[in-house]
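Just so it is clear, the structure is predicted and the values come from calculations on it, not from any experiment. Proteins come first, then strands; the chains are lettered A, B, ... in the order of their sequence lines, and each starts at number 1. Only this structure's heavy atoms are used, side chains among them; waters, hydrogens and symmetry mates stay out.
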2 protein chains.
Amino acid sequence: METTRGAERQRTAAERRRRELLEAADRVVLRDGPQASMNAIAAEAGITKPILYRHFGDKGGLYRALAKRHTDALLSALRAALDAPSERRERVEATLDTYLAAIEARPQVYRFLMHPSDDAAPSPEQGFDVGRHSAPLLRRLGEELGKVIAERVDLGPDSQQMARIWGHGIVGMMHAAGDWWLGDRPCSREQLVRSLADLLWGRLAEAGDLPGGQGF
Amino acid sequence: METTRGAERQRTAAERRRRELLEAADRVVLRDGPQASMNAIAAEAGITKPILYRHFGDKGGLYRALAKRHTDALLSALRAALDAPSERRERVEATLDTYLAAIEARPQVYRFLMHPSDDAAPSPEQGFDVGRHSAPLLRRLGEELGKVIAERVDLGPDSQQMARIWGHGIVGMMHAAGDWWLGDRPCSREQLVRSLADLLWGRLAEAGDLPGGQGF
DNA sequence: TAAACCCGTTACTAGCGGTAACAACAGTCT
DNA sequence: AGACTGTTGTTACCGCTAGTAACGGGTTTA
């Protein structure tokens with residue numbers, strides 16, 4: 001009659017094992033970047049490859065599991081900033097700053113999340129499968145932000161559609177600017193945040209033309 | 001004394017060869033996606049691997065050469081839209097539409113440009129080298145747009161810095177929204193263009209809160 | 001005690017990017 | 001003419017990767 005108790009113990013043991021493996025993978029990715037090999041991860045965990053494959057199926061599975069952890073963590077931090085009880089502009093700036101601080105603190109993790117080095121499927125589907133390849137993190141963030149906007153901002157008719165578009169657009173803006181900024185560090189984080197918020201606040205439309213060109 | 005004439009003939013022959021190789025590579029990438037192998041490209045061109053390596057150094061070199069062609073083409077199309085003699089808003093919409101039409105017409109090419117499958121260097125530099133990895137196309141577009149904005153829009157002090165930030169931010173917005181749209185096709189291109197332009201025109205700041213939440 | 005079930009190993013495959021070594025043909029110099 | 005040089009192409013290999021088959025030993029179940 002030990003069957004249920006034994007099974008449960010084994011299940012929790014497997015889960016703990018899985019966490020250990022993920023932590024080892026985390027260390028290796030942090031050290032070697034996204035192109036960390038399965039051999040290296042297995043070695044770091046003190047075991048050999050086939051065990052990794054039994055737990056995660058293939059490299060894509062491991063990477064997906066790893067990405068989910070970080071994505072969830074970042075997402076919850078962003079949600080907190082997004083839900084703060086303050087003015088809209090202040091909240092937008094706080095969210096931008098949270099994101100930028102996160103990628104600034106752990107650039108290797110960020111890089112891994114954005115470029116999962118071509119995930120899983122060798123996909124025999126040879127059709128136009130563009131869309132799945134881009135970093136899942138950006139998609140999730142975009143969808144999430146779209147929902148928040150749709151819930152809280154009055155955009156008139158077609159607001160659902162427009163909110164989603166804006167969600168993905170704003171996330172993309174944040175990501176691209178952050179990626180560029182992280183490379184060159186041409187200014188402080190505060191200035192970057194303020195400039196992006198200014199952009200979202202319509203300063204592009206309000207600004208006047210400079211003399212010399214035909215305007216922009 | 002035939003040395004100069006002979007050398008020149010050989011040089012032009014090599015250039016023609018290079019173009020042929022690039023066209024073959026183009027066909028393979030269009031068929032197999034960005035993970036096309038050097039073997040496959042060589043086979044398509046009717047030759048074997050070492051020739052490819054003599055011409056392009058390594059896989060990154062070939063991909064860079066390939067990307068440059070498409071990037072230049074897209075960039076000149078965008079510049080044309082950006083330089084049209086019309087209102088600023090109209091020009092922004094035309095630019096967005098040009099980009100979206102391009103990625104819609106040749107999604108495989110677009111996918112290759114955005115995800116060059118980890119370019120060139122096995123980079124022994126193990127430092128935090130985030131920044132070089134992201135698709136060069138986006139960087140180039142961002143810098144280009146930043147220059148255009150700096151030249152033509154009056155942004156007050158610090159306008160250089162802010163223009164660059166905006167350039168990268170707007171390009172990222174365009175890219176992320178386009179990538180998402182290309183996958184799900186949730187609306188027409190016109191609607192997407194209009195929504196993004198609205199976002200840039202400050203509708204987020206102007207819009208009122210919806211009842212129920214604490215606003216956004 | 002015997003069956004079932006995991007955890008873990010070694011040893012392998014197929015394919016990748018990249019290279020060394022060599023063959024053959026061109027045009028050039030003496 | 002004959003030796004020299006450079007380019008074009010080959011075959012055969014290296015070291016690496018992702019992924020798998022097959023087997024051994026330990027623990028739980030019957």
Side-chain angles (χ1 to χ4, degrees), chain A residues 1-22 24-25 28-29 32-66 116-124, chain B residues 1-22 24-25 28-29 32-66 116-124:
Chain A
M1 209 279 270
E2 291 283 10
T3 159
T4 70
R5 210 158 53 188
E8 177 157 347
R9 196 183 47 191
Q10 284 223 346
R11 209 198 61 217
T12 68
E15 284 174 4
R16 206 182 51 226
R17 194 65 162 135
R18 192 184 157 95
R19 270 204 311 276
E20 289 172 13
L21 296 184
L22 279 177
V28 176
V29 166
D32 298 354
Q35 72 279 14
S37 82
M38 295 296 267
N39 265 323
I41 294 175
E44 170 73 30
I47 45 112
T48 49
K49 269 193 302 178
I51 305 182
L52 278 182
Y53 283 94
R54 278 219 265 267
H55 275 268
F56 301 103
D58 61 352
K59 187 170 187 170
L62 200 172
Y63 276 34
R64 256 176 276 122
L66 204 52
S117 187
D118 283 310
D119 36 287
S123 72
Chain B
M1 209 277 267
E2 292 282 13
T3 160
T4 70
R5 211 158 54 188
E8 178 157 348
R9 197 185 46 192
Q10 284 221 351
R11 210 198 60 217
T12 66
E15 285 174 4
R16 207 182 50 225
R17 194 65 162 134
R18 193 185 156 95
R19 270 207 309 277
E20 290 173 12
L21 296 183
L22 279 177
V28 176
V29 166
D32 297 355
Q35 72 279 12
S37 83
M38 294 298 265
N39 265 323
I41 294 174
E44 170 73 29
I47 45 117
T48 50
K49 269 192 302 177
I51 304 183
L52 279 182
Y53 283 95
R54 278 219 264 270
H55 275 267
F56 300 103
D58 60 353
K59 186 168 188 172
L62 200 173
Y63 276 34
R64 255 178 276 122
L66 204 53
S117 187
D118 283 309
D119 37 287
S123 74

What is the distance, rounded to the nearest whole Å, between atom CG of B:Asn39 and atom P of C:dA14?
16 Å
Nearest whole Å is fine: how far is D:dA18 P from B:Gln35 CD?
16 Å
Could you go through residues 43-52 of chain A and list every donor-acceptor pair under 3.5 Å that involves a side-chain atom there, pairing it with any protein atom two or more places apart or in another chain?
{"unit_1": "A:Glu44", "atom_1": "OE1", "unit_2": "A:Arg31", "atom_2": "NH2", "d": "3.1"}
{"unit_1": "A:Glu44", "atom_1": "OE2", "unit_2": "A:Arg27", "atom_2": "NH1", "d": "2.4"}

Here the distance between atom P of D:dT17 and atom OH of A:Tyr63, to the nearest Å, is 11 Å
Taking side-chain hydrogen bond (donor to acceptor under 3.5 Å, both in side chains) as the definition, give me every residue that meets it alongside A:Arg17, ordered by chain and number, with sequence neighbours left out.
A:Glu20
In whole Å, I'd like the distance from the CG atom of B:Leu52 to the C1' atom of D:dT10.
14 Å
Please list, chain by chain and in numerical order, all residues satisfying side chain to side chain contact (heavy atoms under 4.5 Å, CB included) with B:Arg18, sequence neighbours excluded.
B:His55, B:Phe56, B:Ala65
Shortest non-hydrogen contact from A:Lys59 toward A:Tyr53:
N-CE2, 4.3 Å
Which atom names give the shortest non-hydrogen contact between B:Ala36 and B:Val28, and what distance separates them?
CB-CG1, 3.6 Å
What is the distance, to the nearest angstrom, from the CG atom on A:Leu21 to the C1' atom on C:dG8?
12 Å
Looking only at non-hydrogen atoms, find the nearest pair between B:Leu66 and B:Leu22 and report the distance.
CD1-O, 3.5 Å
Output a table of nitrogen or oxygen pairs between the protein and nucleotides 9-11 of chain C separated by less than 3.5 Å.
{"unit_1": "C:dT9", "atom_1": "OP2", "unit_2": "A:Thr48", "atom_2": "N", "d": "2.9"}
{"unit_1": "C:dT9", "atom_1": "OP2", "unit_2": "A:Thr48", "atom_2": "OG1", "d": "2.3"}

Starting from C1' on D:dT17, measure out to CG on A:Asp32 and report it in whole angstrom.
14 Å
What is the separation between atom OH on B:Tyr53 and atom P on D:dC13, rounded to the nearest whole Å?
19 Å
Any donor-acceptor pair under 3.5 Å from B:Tyr63 side chain to B:Asp58 backbone
no
Students should find that the end-to-end axis angle of the helix from C:dT1-D:dA30 to C:dT30-D:dA1, with five pairs defining each axis and rounding to 10 degrees, is 20°
Calculate the interatomic distance between A:Arg16 atom CZ and C:dC7 atom P; express it in whole Å.
12 Å
How long is the straight-line distance from CG of B:Leu21 back to CG of B:Leu62, given to the nearest 0.5 Å?
8.0 Å
